[in-house]
Amino acid sequence: MNDTAAFDVQDGFVSIPGGTFAMGSPESENWRGEDETVHEATISDFFMAPYETTQSDYERLMGSNPSAFVGSNLPVENVTWHDAVSYCNALSEEANLSPAYVIDGASVTWDLSADGYRLPTEAEWEYACRAGTATPFNTQTSISADSEANYYGTYPYGIEENYFSQGNLDTHPGVYRQTPIEPGSFAPNAWGLYDMHGNVAEWVWDRYGSYDAEPQIDPTGAPSGALRVNRGGGWNDFAKSLRSAYRAALPADGASPSVGFRVARSARARAGAIGSAETTAQTFGGEALVVFFSWGGNTRGIAQEIVRQTGFDAVELECEHPYSSDYNTVLEEAQRDQNSQARPALASRIDDMGRYSAVLLGYPNWWASIPMPIASFLESYDFSGKAIVPFCSHGGGRFGQSVSAISKLAQRASLGEGLSVHYSGGSSLASDVSAWLERNGLA
Ligand SMILES: Cc1cc2nc3c(=O)[nH]c(=O)nc-3n(C[C@H](O)[C@H](O)[C@H](O)COP(=O)(O)O)c2cc1C
């Protein structure tokens, strides 16, 4: 096969003509992240599945179904990035195509000359999602939970402003289904792709890293690192995390009930291969420390239960300038801090962090992510070689984007399986905590 041979497979995938687009988000975009630096990306022709991979697709080839919300026509979720690339290879083998990935334990190399199925790159994904648009969503400046995408519809784009200033009264809450739904339930984007926003977020090939501001041709992500990107947001995300430019990242061996994937394929062979050894997961030796922030006491209660069961040391994070004790005021303060990515100064210091090999990190879900004091904490210490095991108290939004936020802020840490607790956790708290400690090897 030479470098320009065109692949021809009749598989119902959408043919995406190559082109150049502005990847990332402009400074003016509400709720943009610092990691969305706008830059020019040129994409070669490729093919993309119109739908997210379903559980029946997955189970047929892989013989198992890891999904939390079981239903054969629902998207597969709770899959790791490694599961997703293995599925792509199995699909190639079934179709007699050459597998795109050479998988050797945790190390995965992408053979660019292969005609087989693969994950889209992050740039291909955004290009395809946008389908020519430059707005926050491919549905322009807002996205309807009732008729355009499956997400945490109580929080459409811009609704946050109404809590404090009534500055955006055209925006109204929509339905929150609290579950993934059948792919293809809403109209596709202009290029015929369904559910690029919402339902399940989608693993892409790339390792997470900062963008280069220079123009890129067929970029394939950061050369090293343990995190892989997922895009588009899921059934459990606020609209701000469904934006075309929004980047979520999780360890390659992490999984979430709101993350699945869709499959792509190259249109032509290219030369070369991409990949290097994964950073392997750490095992916990040494001591563990419980670190938590709590506004109303629920997270503190979970931390106390962990200490009761384990005897681990614990530190409560306090801010030099505490948040207001008034609920409506803290809502506004927390949102202001999140939108400006503030790093509130901490009054608590941990002098002997070097002693600990694992940090059990607790916090309330605030505006679908971490409270900013958690970001201050993560940036104050070196987590190389340490494990972070998150626990989160929430009012219905589970982890929101908090695990992605922690992953991005502590890229040298390995991440344990998180525990999300509804408010105080009620009567099952003790057993939920002990099962979670057990699963993380911390009991
Ligand atoms: C500023 C603020 C923002 C919140 N945002 C969310 C949210 O986005 N999703 C959610 O499920 N709960 C949200 N909650 C509810 C808290 O996560 C929940 O009440 C939690 O139990 C509080 O833990 P704490 O008592 O340790 O502070 C929010 C609460 C506050 C004060």
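Below 30°, between 30° and 60°, or above 60°: for Tyr155 and Phe238 the angle between ring planes is below 30°, a parallel geometry.
Pairs of residues two or more places apart, or lying in two chains, never qualify as side-chain hydrogen bond (donor to acceptor under 3.5 Å, both in side chains) while including a residue from residues 389-400. Each side-chain hydrogen bond (donor to acceptor under 3.5 Å, both in side chains) pair with one or both residues in residues 292-307, not counting sequence neighbours, appears once here: Arg300-Glu316, Glu305-Arg308, Glu305-Gln309. Sequence neighbours left out, not one pair with a member in residues 176-189 passes salt bridge (charged side-chain N to carboxylate O under 4.0 Å, His left out). Screening residues 192-202 for salt bridge (charged side-chain N to carboxylate O under 4.0 Å, His left out), with sequence neighbours left out, gives Glu202-Arg262. Within the structure, every pair that satisfies the salt bridge (charged side-chain N to carboxylate O under 4.0 Å, His left out) test and touches residues 41-70, not counting sequence neighbours, is listed here: Asp45-Arg268, Arg60-Glu94. The salt bridge (charged side-chain N to carboxylate O under 4.0 Å, His left out) pairs that include a residue from residues 367-376 number zero, where partners must be two or more places apart or lie in different chains.
Put simply, CG on Asn138 and NE2 on His197 are 3.5 Å apart, with the number rounded to the nearest 0.5 Å. Atom OG1 of Thr139 and atom CE of Met196 lie 13.0 Å apart (nearest 0.5 Å). Taking OG1 of Thr141 as the reference point, atom OH of Tyr157 lies at 8.5 Å (rounded to 0.5 Å). Considering CZ of Phe47 and OH of Tyr117, their distance stands at 10.0 Å, rounded to 0.5 Å. Put simply, CD on Gln401 and OG on Ser407 are 10.0 Å apart, with the number rounded to the nearest 0.5 Å. To the nearest 0.5 angstrom, Thr310 atom OG1 is 8.5 Å from Leu442 atom CG.
Side-chain N or O atoms of Asp218 include one that pairs as donor or acceptor with a backbone N or O of Ser44 at under 3.5 Å. Panel note: side chain Ser348, backbone Glu318; a donor-acceptor pair is recorded below 3.5 Å. With Lys408 contributing its side chain and Asp35 its backbone, the two residues share no donor-acceptor pair below 3.5 Å. In terms of modelled atom types and a separation under 3.5 Å, the side chain of Asn440 and the main chain of Gly416 share no donor-acceptor contact. The backbone N or O of Asn78 lies less than 3.5 Å from no partner atom in the side chain of Ser256, so there is not a single donor-acceptor pair. Side chain of Trp125 to main chain of Ser244: no donor-acceptor pair is present (N/O by atom type, distance under 3.5 Å, no hydrogens or angles). Checking side-chain atoms of Thr329 against main-chain N and O of Ser325 turns up no donor-acceptor pair under 3.5 Å. In this structure, the side chain of Tyr176 does not engage the main chain of Ala145 through any donor-acceptor pair within 3.5 Å. The closest donor-acceptor contact from the side chain of Trp191 to the backbone of Ser15 lies at 3.5 Å or more, if one exists at all. Side-chain atoms of Glu77 come within 3.5 Å of backbone atoms of Ala68 as a donor-acceptor pair (strictly under, hydrogens ignored).
In this structure, the salt bridge (Lys or Arg N to Asp or Glu O under 4.0 Å) partners of Arg118, at least two apart in sequence or on a different chain, are Glu124. Applying the side chain to side chain donor-acceptor pair (under 3.5 Å) criterion to Thr20, with sequence neighbours excluded, gives Thr42. Residues satisfying the side-chain contact (heavy atoms from CB on, under 4.5 Å) criterion with Tyr51, sequence neighbours excluded, are Pro183, Tyr194. Applying the side chain to side chain donor-acceptor pair (under 3.5 Å) rule to Asn89 yields no partners; only residues at least two apart in sequence or on another chain are considered. For Trp235, the ring-ring contact (aromatic ring centres under 6.0 Å, His included) partners two or more places apart in sequence, or in a different chain, are Phe69. Ser25 pairs by the side chain to side chain donor-acceptor pair (under 3.5 Å) definition with Arg32, Glu36, not counting sequence neighbours.
Side-chain contact between Leu331 and Trp366 is absent, with no heavy atoms from C-beta onward closer than 4.5 Å. The shortest distance between side-chain heavy atoms of Phe312 and Leu289 does not fall below 4.5 Å. Using a 4.5 Å heavy-atom threshold, the side chains of Trp436 and Val389 count as touching. Side-chain atoms of Phe292 and Leu360, non-hydrogen and from C-beta on, never get closer than 4.5 Å to each other. The shortest side-chain heavy-atom distance between Trp81 and Asn230 does not fall under the 4.5 Å cut-off. Residues Pro173 and Ile159 have side chains in contact (heavy-atom distance under 4.5 Å, counting atoms from C-beta outward). Side-chain contact between Pro66 and Tyr58 is present, with at least one heavy-atom pair separated by less than 4.5 Å.
Asp237 and Tyr246 share no donor-acceptor pair across their side chains, judged by distance under 3.5 Å alone. Between Ser144 and Asp146, the side chains place no donor N or O within less than 3.5 Å of an acceptor N or O (distance only, hydrogens not considered). Counted by atom type alone, Asp83 and Thr80 present one or more donor-acceptor pairs between their side chains at under 3.5 Å. Of the N and O atoms on the side chains of Ser402 and Tyr363, at least one donor lies less than 3.5 Å from an acceptor on the other residue.
Summarising the geometry of Pro99 relative to Ser92, their closest heavy-atom pair is CA-CB, 4.0 Å, with the distance given to 0.1 Å. In terms of heavy-atom proximity, Thr37 sits nearest to Ala213 at CG2-CB, 4.3 Å. For the pair Ser376 and Arg343, the tightest heavy-atom approach, listed with the atom from each and the gap, is OG-C, 3.2 Å. In plain terms, the two heavy atoms of Ile370 and Ala375 that are nearest each other are CD1-N, 4.0 Å. Between Gln55 and Pro75, the closest heavy-atom pair is NE2-O, 3.2 Å. Here the closest non-hydrogen pair linking Asp432 and Leu419 is O-CD1, 4.2 Å.
No more than 12 heavy-atom neighbours from other residues, nucleotides or ligands sit within 6.0 angstrom of CD on Glu34.
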**Q.** Steps toward salt bridge (charged side-chain N to carboxylate O under 4.0 Å, His left out) verdict (Glu126, Arg130)
**A.** CA-CA 6 Å; Glu126 185 172 327; Arg130 291 187 174 283; 2.9 Å; yes
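In this structure, the ring of Phe293 has its center no less than 6.0 angstrom from the ring center of Phe377.
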